[in-house]
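As a basis for the values below, the full set of heavy atoms in this structure was taken, side chains included, without hydrogen atoms, waters or symmetry mates. Order of the sequence lines fixes the chain letters, A, B, ..., with proteins taken first and strands second; residue numbering starts at 1 for each chain.
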Amino acid sequence: MTSKVKVRFPPSPTGFLHIGGARTALYNWLFARHNNGEFILRIEDTDQQRSTEEATQVILDSLTWLGLDWDEGPYHQSERLEIYSEHVEKLLKEGKAFHVDDPEKGRAVRFKLTGELTNFDDLVHGNINSDTSLIEDFVIQKADGFPTYNFACVVDDGVMGITHVIRGDDHLSNTPRQVAIYKALGFELPKFAHIPMILGEDGSRMSKRHGATSVTEYRENGYLPDALVNFIALLGWSPGHDQELLTRQEMTEKFTLKRVNKTSARFDYTKLDWMNGKYIQDLPVEDLVSKLRPYMKGANLDNGVFTDEWLYKLVELYKERFRTLPEFVTLASPFFTDEIEYEDAAVQKHLKKSNPSLIKDAYNKLKEVNDFSSITELEDCLRSITTEHSVGFGKLAQPIRVAIIGKSASAGIFETLELLGKEKTLKRLEYTINTFL
RNA sequence: GGCCCCAUCGUCUAGCCUGGCCUAGGACACCGGGUUUUCAUCCCGGCAACAGGGGUUCAAAUCCCCUUGGGGUCACCA
């Protein structure tokens, strides 16, 4: 049997897209692409109280941002009520389901379990057996006429011809119920693949206290979609070799369910930061700058007194020094604003204890440099001072750095001077001489 | 609690299916060293794991059982 692979991602629109859900979507997408199959999006909005239109939009946006495109859908279960009702009727007629009345909730339909042993094959766990006589007859149609999850999900997967159900292993214990419905309805069983869950850093279920849990937050916090995708792909799957930085193309080529783990993974924020930094380094400056702009705007660093060329240079210089987009803003703000924060430790170490005449010399000589865009001219200027005073270059570079940036770390000192420009440099040196020396 | 799933460095993992090539490999983090005007990058090196106990076998991280630990699930939520 070589029917075309067909998978689906079925979020319920009751909130944002959780990072775990994102990975489930990613694995489905990867599996579909690897097999030249189809990836279907289905909104499971059968909970009339909790489902919202906004949540649906947020989830769609998140998937799009991650670059996970779907081939069909999004279908909405709330628009497919007739289909479920037909199947409920069928079961009712065949005596496989029955009505139950609740004085408060109204009239619902329960599925009648026959109490047999079911087993199903799981592509990541192997064969799983269970005894449905241990399970209660469960509701498949609520009093409001909407189907319940376990029922709608099976009907849709059956009707849509889903070949592989790839989902979190929190659904493992639901599967026997669903298998029973597949059988009662006469649907062919799909292949199941229950992937391990993503836990918080301490091994417990991932929640807000662990840090960001939604794709939206990662986006806002300055992570790149490619980095996030690469990172979560590796949480439970490995390509089988030592390479960790993988393009979508490479992931698609390598992805198989066979290489998916059984063990739940903890979310390591530190490693994600490292990976994001890698992706930032590899991004062409133009792309990086356009991603940076919203953050600059948010911090009021977009006052427009600089040219694109200047900004490109600055970003290029700092590219290897930040791991998330907003970090750039923190590092580079002294270039945009005159309200510099002088770090206490840096001032103490490099200004208070330095030789005042060194900085005064620098001020006077830098004043004579006409062309701040000439690195060689700047270098000649500063080198001549350290030569005169017979000190190592660091003795001069560090105080200047702190004087003009406020921190003991920045890009190269000449490039920093160049990008800051003569006027600001002299102003800040003057301020330093008057204030700290 | 019943049922189900899982168990390799602190973390993500390779190896397990098809025992021997494993004195267990890689990455992040951490600690040293090198390069550099600082930081970062980059390069080199180091630390660090088969949960415990029984089997099976000439041989077990790999197969079996038990214990322990972790997770999931038991809704007219999905």
Would you kindly say whether A:Thr175 and A:Arg167 are connected by a side-chain donor-acceptor distance under 3.5 Å? yes
Is a donor from one side chain sitting under 3.5 angstrom from an acceptor on the other, for A:Asn276 and A:Thr324? no
Nearest-angstrom distance from the residue atom CZ of A:Phe267 to C1' of B:U13: 16 Å
5′-ward residue of the pair A:Lys395/A:Leu134 relative to RNA chain B: A:Leu134
Nearest-Å distance, CD (A:Gln178) to P (B:C77)? 16 Å
Separation of the C1' atoms in B:C9 and B:C30, to the nearest angstrom: 12 Å
Between B:U41, B:A78, B:C12, spot the one nearest the side chain of A:Thr148, thanks. B:A78
Sugar-phosphate, base or nothing in reach of A:Ser410, heavy atoms under 4.0 Å: base
Is there a donor and acceptor pair, one atom on the side chain of A:Lys319 and one on the base of B:A40, closer than 3.5 Å? no
Between B:U68 and B:C12, how far apart are the two C1' atoms, rounded to whole Å? 24 Å
Please state how far atom NZ in A:Lys262 lies from atom P in B:C17, giving the value in whole angstrom units. 11 Å
Produce the list of close N/O pairs, under 3.5 Å, pairing protein atoms with atoms of nucleotides 72-75 of chain B; give distances to one decimal.
| unit_1 | atom_1 | unit_2 | atom_2 | d |
| --- | --- | --- | --- | --- |
| B:G72 | OP1 | A:Arg205 | NH1 | 3.4 |
| B:G72 | O2' | A:Asp170 | O | 3.4 |
| B:U73 | OP2 | A:Arg205 | NH1 | 3.2 |
| B:U73 | O4' | A:Ser173 | OG | 2.9 |
| B:U73 | O2' | A:Ser173 | OG | 3.4 |

Out of B:A7, B:U37, B:A78, which has the shortest distance to the side chain of A:Thr263? B:A7
Between B:C6 and A:His125, is there an OP1 or OP2 to side-chain N/O distance shorter than 4.0 Å? yes
Does one side chain, of A:Asn174 or A:Tyr149, offer a donor that lies under 3.5 Å from an acceptor on the other? no
Touch check for A:Lys258, heavy atoms < 4.0 angstrom, all strands: base, sugar-phosphate only, or nothing? base
So, is A:Asn261 close to the B:C6 phosphate, meaning a side-chain N or O under 4.0 Å from OP1 or OP2? no
A:Gly106 near the nucleic acid: base, sugar-phosphate alone, or nothing, with a heavy-atom cut-off under 4.0 Å? base
Among B:C28, B:U37, B:A7, the one nearest A:Lys271 by side-chain distance: B:C28
Quick one: do the A:Tyr223 and A:Asp273 side chains pair a donor with an acceptor below 3.5 Å? yes
Do A:Thr148 and A:Asn150 get their side chains close enough for a donor-acceptor pair, meaning under 3.5 Å? no
Which nucleotide in the list B:A78, B:C5, B:C28 gets nearest to the side chain of A:Asp268? B:C28
Check the side chains of A:Gln57 and A:Asp61 for a donor-acceptor pair under 3.5 angstrom, ignoring hydrogens and angles. yes
What nucleic acid atoms does A:Lys278 come within less than 4.0 Å of, heavy atoms only: base, sugar-phosphate, or nothing? sugar-phosphate
On RNA chain B, compare the nucleotides closest to A:Glu320 and A:Phe393; which residue's is nearer the 5' end? A:Phe393
Can you tell me how far P in B:A61 sits from the matching atom in B:G54, rounded to whole Å? 14 Å
Work out how far the C1' atom of B:C21 is from that of B:A27, and round it to whole angstrom. 24 Å
Students often get this wrong, so: under 4.0 angstrom with heavy atoms, is A:Asp131 touching a base, only sugar-phosphate, or nothing? nothing
Counting just side-chain N and O atoms, does A:Arg259 come under 4.0 Å of either OP1 or OP2 of B:G15? yes
Inter-residue atom distance A:Lys427.NZ - A:Tyr431.OH, 0.5 Å rounding: 13.0 Å
Is it the case that the side chains of A:His76 and A:Thr56 hold a donor-acceptor pair, with the cut-off being a distance below 3.5 Å and no angle test? no
Tell me: CZ of A:Arg401 to C1' of B:U36, nearest whole Å? 10 Å
Distance-only donor-acceptor check, side chains A:Arg401 and A:Gln398, under 3.5 Å: yes
Spacing of A:Met275 atom CE relative to B:U11 atom P, expressed in whole Å: 18 Å
Base partner of B:C39, which must satisfy Watson-Crick or wobble distances under 3.5 Å: none
To the nearest 0.5 Å, tell me how far A:Lys271 NZ sits from A:Leu235 CG. 9.0 Å
Is there a side-chain contact between A:Thr46 and the phosphate of B:A78, meaning an N or O under 4.0 Å from OP1 or OP2? yes
Once you round it to whole Å, what is the distance between P of B:A40 and CD of A:Glu415? 17 Å
State the CG-CZ distance between A:Asp169 and A:Phe192, to the nearest 0.5 angstrom. 14.0 Å
If we take the P atom in both B:G34 and B:G20, what is their distance in whole Å? 42 Å
Pairing check on B:C3: which nucleotide meets the Watson-Crick or G-U wobble criteria with it, both distances under 3.5 Å? B:G72
Provide the distance between the two C1' atoms, one in B:G19 and one in B:A78, to the nearest whole Å. 43 Å
Any residue in residues 230-254 of chain A with a heavy atom nearer than 4.0 angstrom to RNA chain B? Just list them by number, or reply none. A:Leu234, A:Leu235, A:Gly236, A:Ser238, A:Asp242, A:Glu244
CG of A:Leu420 versus P of B:U38: gap in Å, rounded? 20 Å
If the P atom of B:C5 is compared with that of B:U41, how far apart are they to the nearest Å? 44 Å
Between B:U38, B:C28, B:A78, which one does the side chain of A:Thr270 approach most closely? B:C28
I'd like to know if A:Arg321 reaches the base of B:U41 with its side chain, counting only an N/O donor and acceptor under 3.5 Å. no
The nucleotide from B:A40, B:C12, B:A29 with an atom nearest the side chain of A:Arg323 is B:A29
Please work out if A:Ala152 contacts a base, only the sugar-phosphate, or nothing of the nucleic acid, heavy-atom cut-off 4.0 Å. nothing
Same-atom distance (P) from B:U23 to B:A49, integer angstrom: 15 Å
At less than 4.0 Å, is any side-chain N or O atom of A:Lys142 found next to OP1 or OP2 of B:A78? Yes or no. yes
Determine the interplanar angle of the A:Tyr318 and A:Phe335 rings, folded into 0 to 90°, and report it as parallel if under 30°, tilted if 30 to 60°, perpendicular if over 60°. perpendicular
Just how far, in rounded Å, is C1' of B:A78 from CD of A:Gln48? 14 Å
Scan A:Ala265 against the nucleic acid and name what it touches under 4.0 Å (heavy atoms): base, sugar-phosphate only, or nothing. sugar-phosphate
Nearest 0.5 Å, please: how far is CZ in A:Arg110 from CG in A:Leu91? 15.0 Å
